Amino acid sequence: MQWNLSDNRPIYLQLMDTITLAITSGALPAGSRLPSVRELAAQAGVNPNTMQRALSELERSGLLYSQRTAGRFVTDQFANITQKRKELAMEQIQAFLSSMKDMGYSTEETIELIRQAEKEEEK
Amino acid sequence: MSEPILQCTGLCKSYGKKDALRDVTFALERGRIVGLLGPNGSGKSTLIKLANGLLTPTAGEIRIAGNLPGPITHAQVSYLPERTYLSDWMTADDLLKFFSNFYEDFNLDKAADMLTRLGISPKDSLKTMSKGTKEKIQLAVVMSREADLYLLDEPIGGVDPAARDYILNTILTNYNENSTVVISTHLISDIEKVLDDVIFLHQGQITLHKTVDDIREEYGKSVDALFREVFAC
């Protein structure tokens, strides 16, 4: 996992984002075991309590679960992961569409532009 | 809640006519990493010296796990002073033996392991070491004690950014859930990510005591940015 932490947002939110991305991209596969809190905290160079908070929030959201003695795991419910992945994609698309709108493009025009860009990339 | 590991009540300290600390009241729980932040002369070192019993309060009191500073608390507190006090004639090995004799809670294996990772040979004499290396070795021995409270006065002041990362990592991986680490510094951006709580000290008074993420949430900026704003000259 790449831990790029910026300055202005709460650290635990940024840790959640990084771990969520690792899960949706498959870098942390469904059902796999996570390193310990301390290990993750040391990797990210953050306070263990902050990492703990991020992991607890992710448990609450259903992406992680913990087993009392065995440790903490990525959920094996693919539906949860797929749904989160779609949520992330929608956020990106909405942000993108809104900045295209600011430039004066309608959604249809934007889609047309994406097709063009795709063709150019293929060449 | 268990008893605070460090508690100040109405703590005042004056040097002659100058007030270094004025009516400071706060408590720290166990298992936290706390940044004691303030500009030069704000009272950071005075507070840490009071906790070590190197100074006595003018008024009010400071307690470590319920006790006033004294022999009992000295055994619980591991202190990194702002200046090095190591004797130049010692070798790294001498220093480890010295600490091992002096402190019951000193973990010799841990310290030896840390020095190996720092590339310091036991035979190296302190005299031949650079300022940065001395600071690293000193932090290594201080963190090798299994103390309840670590008081680190400017642990990263004199070392390069790469060594800073190593030192912060040493702090992160060596304190346990029952102990609290207090780090005094004005190099905030470097240590912000490892802190639970921050205390802002301004002209001898506490002006803020919050968690790092609460500050980021509330002010929408980093502790470093807030510090620059609050203490702008």
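Hydrogens, waters and symmetry mates are skipped; everything else that's a heavy atom, side chains included, is used. Values in this document were obtained by computation on a predicted structure and should not be read as measured data.
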So, do Pro48(A) and Leu172(B) sit near enough that their side-chain heavy atoms are less than 4.5 Å apart? yes
What pair of heavy atoms forms the shortest contact from Asn176(B) to Arg38(A), and how long is it? CA-NH2, 3.9 Å
To the nearest 0.5 Å, what is the distance between CG (Asn47(A)) and OG1 (Thr211(B))? 10.0 Å
With no hydrogens and no angle check, is any side-chain donor or acceptor of Arg216(B) less than 3.5 Å from a backbone partner on Asp7(A)? yes
How about Tyr166(B): does its OH atom have over 12 heavy atoms from other parts shown lying under 6.0 Å from it? yes
Asn169(B) side chain to Gln43(A) backbone, donor-acceptor under 3.5 Å: no
Indicate yes or no for a side-chain donor-acceptor contact from Asp213(B) to the backbone of Ile11(A) under 3.5 Å, with no hydrogens or angles considered. yes
Proximity breakdown for Leu5(A) and chain B, heavy-atom pairs closer than 4.5 Å: side chain
Is the count of non-hydrogen atoms from other residues, nucleotides or ligands lying under 6.0 Å from Arg164(B) atom CZ greater than 12? yes
Which residues in residues 185-200 of chain B have a heavy atom less than 4.5 Å from any heavy atom of chain A? Glu192(B), Lys193(B), Val194(B), Leu195(B), Asp196(B)
Could you tell me whether Ile72(B) atom CD1 has more than 12 heavy atoms of other residues or ligands within 6.0 Å of it? no
Can you tell which part of Arg9(A) gets under 4.5 Å to a heavy atom of chain B, answering side chain, backbone, both or neither? backbone
Taking only residues two or more places apart in sequence, or in another chain, which ones meet Thr46(B) in a side chain to side chain contact (heavy atoms under 4.5 Å, CB included)? Lys13(B), Tyr15(B), Ala20(B), Leu21(B), Leu50(B), Leu55(B)
